[in-house]
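Chain letters run A, B, ... following the sequence lines, proteins first and then strands; every chain starts at 1.
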2 protein chains.
Amino acid sequence: MGKGNPSIPSAGEGKRGEQGYLGYLLRQAAGAYRLKVERALDEFGVTQAQFAALTMISAYPGLSNADLARLAVLTPQTASVIVGNLERAGSLIRRPHAVHGRIQHLDLSDSGRALLKKCRERVYKLEGELTAGFSAEEERAVRRWLVAVATADAAQP
Amino acid sequence: MGKGNPSIPSAGEGKRGEQGYLGYLLRQAAGAYRLKVERALDEFGVTQAQFAALTMISAYPGLSNADLARLAVLTPQTASVIVGNLERAGSLIRRPHAVHGRIQHLDLSDSGRALLKKCRERVYKLEGELTAGFSAEEERAVRRWLVAVATADAAQP
DNA sequence: AACAACATATAAGAGCTCTGATATCATGGG
DNA sequence: CCCATGATATCAGAGCTCTTATATGTTGTT
């Protein structure tokens with residue numbers, strides 16, 4: 001069963017193309033774009049998840065780990081791992097809550113802000129390529145669909 | 001910065017909604033759907049990646065680990081991990097290639113076929129919910145977009 | 001026959017993500 | 001006042017995914 005076997009389609013062909021399962025296409029697209037982002041950010045050693053976290057902390061300075069998890073649709077444990085790696089890299093700072101003894105505020109460090117700025121330039125280029133060849137109306141449909149999938153209640157019967 | 005802070009939007013609101021970055025929305029949607037699938041398959045202990053692998057092996061019996069990686073847009077190493085876990089669970093069988101001394105054919109075991117059948121019923125339900133509230137034309141646009149993102153050359157300048 | 005080029009498999013190491021469990025802290029009802 | 005409830009943080013374990021590196025097998029060229 002080598003690469004020349006005509007019964008195995010390539011990505012975008014046959015069942016793996018526009019006639020395939022939406023869930024499968026979604027999985028493939030997200031994986032491909034994630035890889036593309038991480039290749040673009042490889043020079044800085046920043047992952048897609050880290051870029052998302054940096055963006056969130058930049059937009060909402062002083063949030064907690066639990067806040068970040070809610071924003072990024074992650075579990076607090078996952079967020080904690082990402083925050084730990086970013087802290088180890090010196091990109092963010094943990095500050096204890098003034099009153100609450102458990103909460104820790106998160107803020108970008110100066111180097112974290114500079115890093116985010118550099119990453120943004122590259123990711124924005126990719127973001128722009130994401131809509132090439134699609135009308136405004138089609139893009140609207142895509143956006144509405146993605147939001148609908150992301151907000152569908154997972155605990156539904 | 002508790003949950004009541006009005007400056008932090010929920011998923012689907014503000015910048016996290018239809019006006020947000022497409023890459024971010026894609027990441028969110030794929031994560032949410034992956035979780036939904038794995039919750040539906042939790043009873044069987046099957047992950048989304050394993051379901052995809054089982055489906056591929058069922059559709060193209062006798063493929064190799066490298067074939068599977070190409071089909072699923074994964075590295076051979078990643079595919080090898082998934083295959084290893086499925087083999088350990090007894091869902092698939094490795095057969096040595098008749099001629100080529102290195103290649104191993106993959107096939108579902110009887111229990112693997114039965115498992116896939118049960119998983120399919122549940123996942124197909126979710127797949128059906130994925131298009132609720134969207135016209136055929138909109139769905140076409142979404143499919144075309146997902147395929148375009150998945151097949152965009154990652155090595156592009 | 002020997003070597004180069006390519007394909008396949010696999011191991012190691014890192015990061016992401018989940019579930020489950022544990023500990024700490026805050027708040028409200030008895 | 002004390003405790004139940006809920007929020008926060010964190011540890012441990014598992015699976016997925018990548019990169020890098022290594023070993024083995026096949027094929028075509030010289």
Ring-face cation of B:R27 near A:Y33 (centre distance under 6.0 Å, axis angle within 45°): no
Side-chain heavy-atom pair A:H105, A:L63 within 4.5 angstrom cut-off: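 No, their side chains stay 4.5 Å or more apart.
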Any side-chain heavy atom of B:L130 sitting closer than 4.5 Å to one from A:W145?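 Yes, at least one pair of side-chain atoms sits under 4.5 Å.
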Distance test, side-chain N/O of A:R39 to OP1/OP2 of D:dT19, below 4.0 Å: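 Affirmative; the distance criterion is met.
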Decide, yes or no, whether a salt bridge links A:K125 with A:E121 under the criterion of side-chain N to carboxylate O below 4.0 Å.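 Result for this pair is no, no salt bridge flagged.
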Are A:K36 and A:E129 ion-paired here, with the side-chain N under 4.0 Å from a carboxylate O?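 A salt bridge is present here (some side-chain N lies under 4.0 Å from a carboxylate O).
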Can you confirm whether the side chains of B:R34 and B:Q48 place a donor and an acceptor under 3.5 Å from each other?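 No - no donor-acceptor pair under 3.5 Å links their side chains.
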Find the distance [X]:[atom1] to [N]:[atom2] and express it as a whole number of Å.
| X | N | atom1 | atom2 | value |
| --- | --- | --- | --- | --- |
| B:R34 | D:dT17 | CZ | C1' | 12 Å |
| B:L41 | C:dC18 | CG | P | 17 Å |
| A:L106 | D:dA9 | CG | C1' | 11 Å |
| A:Q28 | D:dT17 | CD | C1' | 15 Å |
| B:D42 | D:dA14 | CG | P | 16 Å |

Could you encode protein contacts along nucleotides 9-16 of chain C as a string, one character per nucleotide from 5' to 3', using B for base contact, S for sugar-phosphate-only contact and - for no contact, with a heavy-atom cut-off of under 4.0 Å? BBB---SS
